[in-house]
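By convention in this document, chain letters (A, B, ...) are assigned in the order of the sequence lines, proteins followed by strands, and residues within each chain are numbered from 1. Atoms considered below: every heavy atom in the structure, side chains included; atoms not considered: hydrogens, waters and symmetry mates.
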Amino acid sequence: MPELPEVEVSRLGIAPYLQGEHITQLIVRDRRLRWPVEEALSDAVGQKVVAVTRRAKYLLIELQNTGRIILHLGMSGKLRVLDAAVPPVKHDHIDIVLASGKCLRFNDPRRFGACLWQAPGQDIPAQLSHLGPEPLTTDFAADRLTRLSRGKQVAVKNFIMDNAVVVGVGNIYANEALFMAGIDPRRKAGNVSAKRYERLTVAIKDVLAKAIQQGGTTLKDFTQTDGNPGYFKQSLNVYGRAGKPCMVCETPIKSLTIGQRNTFYCPQCQR
DNA sequence: AAACACCCCTGCGGGC
DNA sequence: TGCCCGCAGGGGTGTT
């Protein structure tokens, strides 16, 4: 479900309900997520939430004692803010209950998501310690793509989906950004010129920022925390449009598999 | 080292 | 209506 824009939309939706609130209870109904949910997570009870931040596709619930609850939505994870008394439904695995009477409820049918616990004073979990720059900051610039890609045989699409290169670019937005930049997704990363990486960098920033503005992309089941869908699907140029005419030149969009993932591109516009 | 394939898991849509 | 198959937004792990 979620790429960076959907995670950011979720963050914006939940933050007002969590910030400044005390956690009164943690309910874990199923610990079998991407990694087993640690018992120590309940150490967060009694703590005040000072902020909800994001790193890559991880949401960080920052606690006053410097502890953190770290959530990842995986492929099918969803967050809702509800009255704590609302009965849980299937796949509602975790409730973070707040003094306000609300709770943050994590639902994840496929259980590819995660809930990690970083105790006060502990290092950030290893999953977050080797991540590349955030795409929407100035830390992510074209020269980085050019420098890291020299000599690389990997397809440029896989290259920009590598979290060590830049975080938060998943399958939808990798396809969209490559279309916007006019680059064939199969092209070897090392064979893309510095000039074209300039265009790709702009495209990545642009597509992610616009998707956040429009509330993310709803494909099957993504909803904003208010239950409304995201509207960016209407702006997709290539993703999921195999056989349909290119928005620019009307050539049928092609699909193929790159790195075990479905890839869409315009054979005319992307070289 | 780099480039892949594979796996975790459930639900859903399409074809028959 | 029902069954079976393929596929899905992520990403860590293990093999060449």
Side-chain angles (χ1 to χ4, degrees), chain A residues 1-11 29-37 54-59 70-79 89-94 106-116 125-132 135 147-178 185-191 204 207-208 211-212 214-224 229-233 235-236 238-243 255-264:
Chain A
M1 171 208 310
E3 296 190 32
L4 186 145
E6 293 72 40
V7 177
E8 182 64 11
V9 167
S10 297
R11 186 186 74 79
R29 300 186 188 82
D30 195 338
R31 297 189 176 275
R32 299 171 304 159
L33 300 184
R34 183 70 173 77
W35 298 281
V37 180
R54 180 187 57 72
R55 177 75 177 104
K57 295 171 192 165
Y58 293 89
L59 285 174
I70 302 173
L71 296 170
H72 194 292
L73 302 180
M75 292 279 264
S76 57
K78 198 185 295 194
L79 291 169
V89 297
K90 199 174 183 183
H91 306 306
D92 279 344
H93 305 312
I94 298 175
F106 178 70
N107 178 291
D108 185 9
R110 293 176 75 179
R111 290 189 278 113
F112 288 175
C115 180
L116 304 172
Q127 294 92 331
L128 287 85
S129 63
H130 300 293
L131 295 168
R147 182 164 39 82
L148 292 182
S149 64
R150 294 309 89 177
K152 290 265 170 71
Q153 302 293 303
V154 69
V156 62
K157 183 182 177 229
N158 289 343
F159 178 67
I160 59 169
M161 289 177 72
D162 180 348
N163 279 335
V165 174
V166 57
V167 301
V169 182
N171 200 30
I172 298 176
Y173 300 108
N175 279 293
E176 293 300 313
L178 287 163
R186 297 167 297 181
R187 184 173 283 276
K188 291 175 181 177
N191 291 353
I204 289 170
V207 71
L208 294 177
I212 292 168
Q214 293 176 43
T217 298
T218 294
L219 291 182
K220 288 183 197 140
D221 53 2
F222 174 75
T223 55
Q224 304 181 60
Y231 296 102
F232 194 73
K233 185 173 193 295
S235 302
L236 297 178
V238 287
Y239 186 86
R241 297 194 64 248
S255 72
L256 49 83
T257 300
I258 297 178
Q260 333 308 122
R261 300 208 122 82
N262 211 348
T263 302
F264 303 88

(request) Would you mind checking if Glu8(A) and Arg54(A) are paired as a salt bridge, meaning a charged N to carboxylate O distance below 4.0 Å? (result) yes

(message) Does Phe106(A) form a side chain to side chain contact (heavy atoms under 4.5 Å, CB included) with Asp92(A)? I'd like the steps, not just the answer.
(response) CA-CA 6 Å; Phe106(A) 178 70; Asp92(A) 279 344; over 6 Å; no

Interatomic distance, [X] [atom1] vs [N] [atom2] [rounded to whole Å]:
{"X": "His130(A)", "N": "dG12(C)", "atom1": "NE2", "atom2": "C1'", "value": "13 Å"}
{"X": "Ile172(A)", "N": "dG11(C)", "atom1": "CD1", "atom2": "P", "value": "13 Å"}
{"X": "Gln127(A)", "N": "dG11(C)", "atom1": "CD", "atom2": "P", "value": "11 Å"}
{"X": "Ile212(A)", "N": "dG9(C)", "atom1": "CD1", "atom2": "P", "value": "19 Å"}
{"X": "Asn107(A)", "N": "dC9(B)", "atom1": "CG", "atom2": "P", "value": "17 Å"}
{"X": "Asn163(A)", "N": "dT13(C)", "atom1": "CG", "atom2": "P", "value": "13 Å"}
{"X": "Met75(A)", "N": "dG9(C)", "atom1": "CE", "atom2": "C1'", "value": "5 Å"}
{"X": "Leu116(A)", "N": "dG11(C)", "atom1": "CG", "atom2": "C1'", "value": "13 Å"}

(request) Stems involving DNA chain B: give each as a range paired with a range, ordered by first number, where a stem means at least three consecutive Watson-Crick or G-U wobble pairs under 3.5 Å. (result) B:2-8 with C:10-16, B:10-16 with C:2-8

Tell me whether the OP1 or OP2 atom of [N] has a side-chain N or O from [X] closer than 4.0 Å.
{"X": "Asn171(A)", "N": "dA8(C)", "answer": "no"}
{"X": "Lys90(A)", "N": "dG11(B)", "answer": "yes"}
{"X": "His91(A)", "N": "dC9(B)", "answer": "no"}
{"X": "His72(A)", "N": "dG11(C)", "answer": "yes"}

State whether the side chain of [X] and the backbone N or O of [Y] hold a donor-acceptor pair below 3.5 Å, judged by distance alone.
{"X": "Asp108(A)", "Y": "His91(A)", "result": "no"}
{"X": "Gln153(A)", "Y": "Lys188(A)", "result": "no"}
{"X": "Asn175(A)", "Y": "Asn171(A)", "result": "yes"}
{"X": "Gln214(A)", "Y": "Ala211(A)", "result": "no"}

(message) For DNA chain B, which residues of residues 150-162 of chain A approach it to below 4.0 angstrom with any heavy atom?
(response) Lys152(A), Gln153(A), Val154(A)

(message) I want to check something: taking the side chain as every heavy atom from C-beta on, are Ile160(A) and Val165(A) in contact at a cut-off of under 4.5 Å?
(response)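 When only atoms from C-beta onward are counted, Val165(A) and Ile160(A) do not touch, as no gap falls below 4.5 Å.
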
(message) Would you measure the distance from the P atom in dG14(C) across to the matching atom in dC9(B) and give it in whole Å?
(response)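 dG14(C) and dC9(B) have their P atoms separated by 16 Å.
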
(request) In whole angstrom, give me the gap between the P atoms of dA3(B) and dG9(C). (result) 22 Å

(request) Check every strand shown and say whether Asp108(A) touches a base, only sugar-phosphate, or nothing at a heavy-atom separation below 4.0 Å. (result) nothing

(request) Could you check whether Arg34(A) gets within reach of a base, just the sugar-phosphate, or nothing at all, counting any heavy atom under 4.0 Å? (result) base

(request) With sequence neighbours left out, write down each residue that passes side-chain contact (heavy atoms from CB on, under 4.5 Å) with Val166(A), or none if nothing qualifies. (result)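 Partners of Val166(A) under the side-chain contact (heavy atoms from CB on, under 4.5 Å) test: Pro135(A), Phe140(A), Val169(A).
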
(request) Using the closest heavy atom to pick a nucleotide of DNA chain B for each, name whichever of Gln260(A) or Phe112(A) lands nearer the 5' end. (result)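 Looking at the nearest nucleotide for each, Gln260(A) comes out on the 5' side.
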
(request) Establish, from distance only, whether the side-chain atoms of Lys90(A) and Asn107(A) form a donor-acceptor pair under 3.5 Å. (result) no

(request) Could you check whether the rings of Phe232(A) and Tyr173(A) sit parallel, tilted or perpendicular, using 30° and 60° as the cut-offs? (result)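 Aromatic pair Phe232(A)/Tyr173(A) classed tilted.
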
(request) Compare the minimum distances between each of dT10(B), dG12(C), dG11(C) and the side chain of Pro109(A), then state the nucleotide with the smallest one. (result) dT10(B)

(message) So if I take every side-chain heavy atom of Asn262(A) and compare against dG9(C), dT10(B), dA8(C), which nucleotide ends up nearest?
(response) dA8(C)

(message) Any N or O donor-acceptor pair under 3.5 Å from the base of dC9(B) to the side chain of Arg111(A)?
(response) no

